[in-house]
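One structure is given below, encoded as structure tokens.
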Amino acid sequence: MFSERIMNNQLGLDKVGQVVRLLGWVQRRRDHGGLIFVDLRDRSGIVQVVFGPEKMGEGFSNAESLRSEFVVSIQGQVIARPEGMINPNLATGTIEIVAGALEILNGAKTPPYYLVDQVEVDETVRLKHRYLDLRRPEMQAVFKTRHQVTQIMRNFFDKQGFYEIETPMLIKSSPEGARDYLVPSRVHPGEFYALPQSPQIYKQLLMVGGMEKYFQIARCFRDEDLRADRQPEFTQLDIEMSFVEVEDILPMMEQLMVRIFSETMGKSVVTPFPRLTYKEAMDRFGSDKPDMRFGMELTDVGDLVAKTGFKVFANAVANGGSVKCICAKGCSGMPRREIDDLAKYVSTYRAKGLAWIVMAEEGIKSPIAKFFTEEEMNALIERVGAETGDIIFFVADTYLVVSEALGHLRLELAKRLSLIPEDTLNFLWVTEFPLLEYDEEQQRYIAIHHPFTAPMDEDLLLLETEPLKVRAKAYDMVLNGIELGGGSIRIHRRGIQEQIFSALGLSPEESVDKFGYLLEAFEYGTPPHGGVAFGLDRLIMLLTGKDNIRDVIAFPKTQSASDLMAHAPSPVADKQLKDLHIVTKIEAAGIK
RNA sequence: GGCCCCGUGGUGUAGUGGUUAACAUGCCUGCCUGUCACGCAGGAGAUCGUCGGUUCAAGUCCGAUCGGGGUCGCCA
């Protein structure tokens, strides 16, 4: 019955005269009494259908009953619109359908809001009725793009000889970073599975298993607080290869991006991508995912201020910290209020203050100028390359705080000053990440990437003496200041893996308890291997221009990780808890 | 866990502590054969998120709480 259907976007002047069957939803109805216009929407687009009593006969009253979002089957003739009635705003605006027959396949309640792209409704409303929101052309386009991207990925890796392999969703909990989502076991009282934060260990074991080239479009779960670009479950393009070095992996991933951007957006991507070491990225941009679409780089002035009378700067240097600055070109007219606002902004990144020098026409204006001799001031200005009309912003603190605070300030200023060129694709790799960092809270070293990342060969000896100086064979792909993905060459020898575990403060017993199966696997001829993982959702955000991860996920969760449509999470029946051997404290305390 | 913003008919907004909470849109009814954000006329629709406090009087002020968003911490 539905087989002769034609999609709306197939309709054009070439179809004039044909009798067609259309299926879709009523987007809008304009009832003129004796003549009714209906904008019919299907997945492909919108077409205007005209209902008149001449053609419809008794069926006309049926047409009068049409309302928004009714699902209809329409048979009618394609006609060219008369002169002056062409709608240039509609892809099918040169033609319309004169309905001969109408079948209402299903009625619809009035939707809570009009399903058009210019929605101005609270997101809560959209999420409660997500199945309606998805009907909007804008959302349809997102999921079309998302589908295209995953198809390109599958095609790309298939051609390169990869196998797509599924790894388990119920795995052993080994929180070495984010919190796990736990799943209670019914048959093992008191024991739990975890949902994977990533397929990391399994993909490595696939390499031990001789699969050589693996990829998966994998769902991952992390029980951490959410953000505009973070969901508790998200999708990752996960890749692992045997017998590879960094130089094998990066160019291949660049080619993947070339294909994705050309085939979905028609944009060309220039390869090879520039590379920055982590150190260089932090030094120059104050970020491990620098946005290099504009300048305003950070300048280290620690040596110039170490001996000056300004204690805040001198002490920072004396204590092993840094003093760095950025120069905002042409901003000398910035009102004091806005400068104060920027100081408040950097304070969210733990900077204790923001010093500034305004290079005004009438001379230097700065609350810190009095602490510097003229020579010192001139040296500063020269180092920074500041000119009349600029403002120099300084932060003094530890190297990390200074870099990150100024890195964020740099982005904020660029945003306010509109320095970021739209439509530019700035891809780059950040390499040579540190292997470890020190976690004050836990009083131990933790892996920056993950504990299976291989250290750089020449840094291996530093592991015992200066662990923070050990660099990793790790790399991140960055696009326009957003981390698209990252990966590393992995450790494939038990000895080195044990060394790393030990550096992370894991006793041999704990290592075996948590990762014994991996360590054992490494003893059975594990090939050198490495890989990478990309955040699919973020990539789709970039491709579709969304600033919010919820807009690229069909059924997303709110910031508090709840599903407003299905009302998850929810309490469960006592029987279920009993089966799972679970008693909740909340229940025990009588709180509902 | 911290900080910031938001919550008023279905939807989006307005609303000096003081009458019957306003406007737009949507919805319903009637009229209308060329609209495409159709038009015209009429109508229905709100316990102002919830609880408590201040006050003669609270949508408005205060506190708590719930929900949503942004962000810092966190996210190997």
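Letters A, B, ... are given to chains in the order of the sequence lines, protein chains preceding strands, and every chain is numbered from 1.
- Here the closest non-hydrogen pair linking A:R219 and A:T235 is NE-OG1, 3.4 Å.
- A salt bridge does not link A:D291 to A:K415: none of the charged side-chain nitrogens sits closer than 4.0 Å to a carboxylate oxygen.
- B:rU11 has no stacking from A:Y113 on its base ring, since the centres under 5.5 angstrom apart and planes within 30 degrees of parallel are not both found.
- Among the heavy atoms of the strands, none lies under 4.0 Å from A:P111.
- Taking a cutoff of 4.0 Å between a charged side-chain nitrogen and a carboxylate oxygen, A:R222 and A:E224 do not qualify as a salt bridge.
- Taking the C1' atom of each, B:rC61 and B:rC48 are spaced 15 Å apart, rounded to whole Å.
- The side chain of A:L564 sits closest to B:rG67 out of B:rG1, B:rG67, B:rU35.
- Listed nucleotides: B:rC75, B:rU33, B:rG10. Nearest to the side chain of A:P112: B:rG10.
- A:T124 has no side-chain polar atom (N or O) that falls below the 4.0 Å cut-off from OP1 or OP2 of B:rG49.
- Considering only the side chain of A:M85, B:rG34 comes nearest among B:rG34, B:rC28, B:rG70.
- A stacking contact links A:H32 to B:rC38: the aromatic ring centre lies within less than 5.5 Å of the base's six-membered ring centre, and the planes differ by less than 30°.
- Rounded to a whole angstrom, the distance from the P atom of B:rU25 to that of B:rC62 is 34 Å.
- Side chain A:R30 to base B:rC32: no donor-acceptor pair is found below 3.5 Å.
- For the OP1/OP2 pair of B:rU35 and a distance below 4.0 Å, the side-chain nitrogens and oxygens of A:R81 include no atom meeting the criterion.
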Using atom types as modelled, flag every donor-acceptor pair under 3.5 Å from a side chain in residues 90-102 of chain A to any protein atom, sequence neighbours excluded.
| residue | atom | partner | partner atom | Å |
| --- | --- | --- | --- | --- |
| A:T92 | OG1 | A:I46 | O | 2.6 |
| A:E96 | OE1 | A:Q48 | NE2 | 3.0 |

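- Base pairing analysis places B:rU33 opposite nothing; no Watson-Crick or G-U wobble pair with both distances below 3.5 Å involves it.
- Contact annotation: side chain of A:Q48 to base of B:rU35, donor-acceptor pair present below 3.5 Å.
- Comparing the P positions of B:rA21 and B:rG10 gives an interatomic distance of 16 Å, to the nearest angstrom.
- For B:rC75, there is no paired nucleotide, since no Watson-Crick or G-U wobble pair has both relevant distances below 3.5 Å.
- Counting any heavy atom pair closer than 4.0 Å across all strands shown, A:E483 reaches no nucleic acid atom.
- There is no side-chain donor-acceptor pair under 3.5 Å between A:D476 and A:Y278.
- Taking the C1' atoms as reference points, B:rU50 lies 15 Å from B:rU8, given to the whole Å.
- Heavy-atom contacts from other residues, nucleotides or ligands closer than 6.0 Å to CD of A:E120 number 12 or fewer.
- Contact record, A:P569 with A:A561: CD-O, 3.8 Å, taken as the closest heavy-atom pair.
- Side-chain atoms of A:R230 and base atoms of B:rC74 include a donor and an acceptor less than 3.5 Å apart.
- Ring geometry for A:Y349 versus A:H408: interplanar angle under 30°, hence parallel rather than tilted (30 to 60°).
- Across all strands shown, B:rU19 has no partner, as no Watson-Crick or G-U wobble contact with both distances under 3.5 Å is found.
- With both ends at atom C1', the span from B:rG63 to B:rU16 equals 24 Å, rounded to whole Å.
- Along RNA chain B, the nucleotide nearest to A:D39 and the one nearest to A:H408 differ in position, and the one closer to the 5' end is contacted by A:D39.
- Nearest-nucleotide assignment on RNA chain B puts the 5′-proximal partner with A:R29, out of A:S198 and A:R29.
- Look at A:R550 and you'll find a side-chain N or O under 4.0 angstrom from OP1 or OP2 of B:rG70.
- Between A:R227 and B:rC72, a side-chain N or O to OP1/OP2 separation shorter than 4.0 Å is present.
- Proximity of A:Q559 to the phosphate of B:rG70: a side-chain N or O atom is located under 4.0 Å from OP1 or OP2.
- Across B:rU29, B:rG68, B:rC36, the shortest atom-to-atom separation from the side chain of A:S560 is found for B:rG68.
- When the C1' atom is used for both B:rU19 and B:rU11, the distance is 28 Å, rounded to whole Å.
- The gap from the P atom of B:rU60 to that of B:rU47 amounts to 16 Å, rounded to the nearest Å.
- In this structure, A:I448 reaches the sugar-phosphate backbone alone: every heavy-atom distance under 4.0 Å involves primed, P, OP1 or OP2 atoms, never a base.
- At the heavy-atom level, A:G33 lies under 4.0 Å from base atoms of the strands shown.
- With B:rG68, B:rC75, B:rC28 as the choices, the nucleotide that has an atom nearest any side-chain atom of A:D122 turns out to be B:rG68.
- Side-chain proximity of A:S562 to the nucleotides B:rG34, B:rC75, B:rG68 is greatest for B:rG68.
- Across all strands shown, B:rG67 pairs with B:rC6; the Watson-Crick or G-U wobble distances both stay below 3.5 Å.
- For the P atoms, the distance from B:rG39 to B:rG26 is 8 Å, rounded to whole Å.
- Taking 3.5 Å as the limit, the base of B:rU33 and the side chain of A:E54 contain a donor-acceptor pair of atoms between them.
- Listed pair A:T110 / B:rC27 fails the phosphate criterion, with no side-chain N or O lying under 4.0 Å from OP1 or OP2.
- Within 4.0 Å of A:Y349, counting heavy atoms only, lie sugar-phosphate atoms of the nucleic acid but no base atom.
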